[in-house]
Amino acid sequence: MTVHDMHLEESVDIAASPQTVFALVSDLPRMGEWSPENQGGRWEDGSSGATGDIFHGTNKIGEREWTVACEITVADPGSTFEWITGASEDEGPYVRWRYDFVDNGTGGTTMTEIWDVELLPPTLRALSDEQLAGRKKQVHGAMQATVAGIKATAEA
């Protein structure tokens with residue numbers, strides 16, 4: 001369930017197969033190549049992206065940098081890749097990130113990135129509605145850059 005209208009979706013058509021695009025997105029250490037905020041992920045204990053695997057994602061905005069534990073909740077090659085943040089914390093999960101890959105009938109893929117805040121993380125709870133709207137706008141810009149970067153890499 002989304003809180004505070006903190007839900008976004010960004011789609012792009014990519015001239016590559018769903019399997020190819022899925023392989024890029026599920027290689028989380030590479031996410032920093034495309035995202036202006038996410039610096040990439042580090043798999044825990046030899047994990048590789050199967051449902052239930054844990055990774056630590058590092059993000060950076062300006063001088064602020066943080067790392068959060070994430071759990072893969074769906075890993076269906078060529079179809080869906082999803083994870084939640086804060087799964088190991090008492091109150092979590094906080095945010096659900098999902099990528100859907102649909103064959104668009106032209107030999108390519110329509111990829112949709114979804115950001116859904118299920119529970120405000122402790123770092124956002126003191127923010128006003130205006131500040132939360134600003135954070136949402138910031139995430140939307142990062143999502144637009146990320147899907148464009150994934151598209152460019154997949155089509156190269």
Side-chain angles (χ1 to χ4, degrees), residues 1-61 66-105 108-124 132 135-155:
M1 177 173 67
T2 302
V3 297
H4 295 288
D5 192 37
M6 302 289 273
H7 176 91
L8 293 167
E9 296 187 18
E10 189 68 34
S11 296
V12 65
D13 285 323
I14 301 173
S17 72
Q19 292 76 14
T20 297
V21 182
F22 177 94
L24 286 173
V25 171
S26 63
D27 186 1
L28 290 173
R30 292 191 68 186
M31 192 58 74
E33 293 177 33
W34 312 301
S35 173
E37 182 173 315
N38 183 271
Q39 305 297 295
R42 177 182 49 81
W43 293 110
E44 184 175 281
D45 299 327
S47 296
S48 61
T51 300
D53 284 354
I54 303 293
F55 73 94
H56 299 272
T58 300
N59 298 301
K60 185 174 183 180
I61 300 174
W66 69 99
T67 299
V68 63
C70 305
E71 180 181 346
I72 304 300
T73 51
V74 181
D76 185 3
S79 178
T80 301
F81 190 67
E82 177 188 271
W83 67 87
I84 52 176
T85 68
S88 61
E89 298 182 30
D90 289 340
E91 296 177 335
Y94 299 120
V95 180
R96 182 172 307 275
W97 287 93
R98 181 180 179 103
Y99 288 81
D100 289 322
F101 313 93
V102 176
D103 184 325
N104 63 17
T109 302
T110 299
M111 180 186 77
T112 302
E113 179 182 25
I114 301 165
W115 174 74
D116 193 30
V117 177
E118 297 184 2
L119 177 67
L120 285 176
T123 56
L124 299 182
L132 287 172
R135 176 63 181 138
K136 181 178 177 180
K137 183 177 179 182
Q138 188 176 41
V139 170
H140 191 224
M143 288 172 66
Q144 290 171 322
T146 301
V147 300
I150 293 167
K151 174 182 172 71
T153 298
E155 292 180 349

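Treat the numbers as computed from the prediction; the structure is a model and nothing was measured.
In this structure, the side chains of Trp66 and Thr123 stay at 4.5 Å or more apart for every pair of heavy atoms. Here the side chains of Trp115 and His140 are not in contact, with every heavy-atom distance at 4.5 Å or above. For the pair Leu124/Tyr94, no side-chain contact is recorded, criterion being any heavy-atom separation below 4.5 Å from C-beta on. In this structure, the side chains of Ile114 and His7 come closer than 4.5 Å at one or more pairs of heavy atoms. Asn38 has its side chain out of reach of Thr146: every pair of non-hydrogen atoms, C-beta onward, lies at least 4.5 Å apart.
Here Glu82 pairs with Thr73, Arg96, Arg98 under the side chain to side chain donor-acceptor pair (under 3.5 Å) rule; sequence neighbours left out. For Ile72, the side chain to side chain contact (heavy atoms under 4.5 Å, CB included) criterion is met by Leu28, Trp43, Asp53, Phe55, Ala75, Phe81, Trp83, not counting sequence neighbours. With sequence neighbours left out, the side chain to side chain donor-acceptor pair (under 3.5 Å) criterion links Thr20 to Ser17. Checked against side chain to side chain donor-acceptor pair (under 3.5 Å), Thr110 has the following partners two or more places apart in sequence or in another chain: Asp13. Gln138 is linked by a side chain to side chain donor-acceptor pair (under 3.5 Å) to Arg135, counting only residues two or more places apart in sequence or in another chain. Applying the side chain to side chain contact (heavy atoms under 4.5 Å, CB included) rule to Thr58 yields the partners Gln39, Glu65, Thr67; only residues at least two apart in sequence or on another chain are considered.
Across all non-hydrogen atoms, the minimal contact from Thr85 to Trp97 is CG2-CD1, 4.3 Å.
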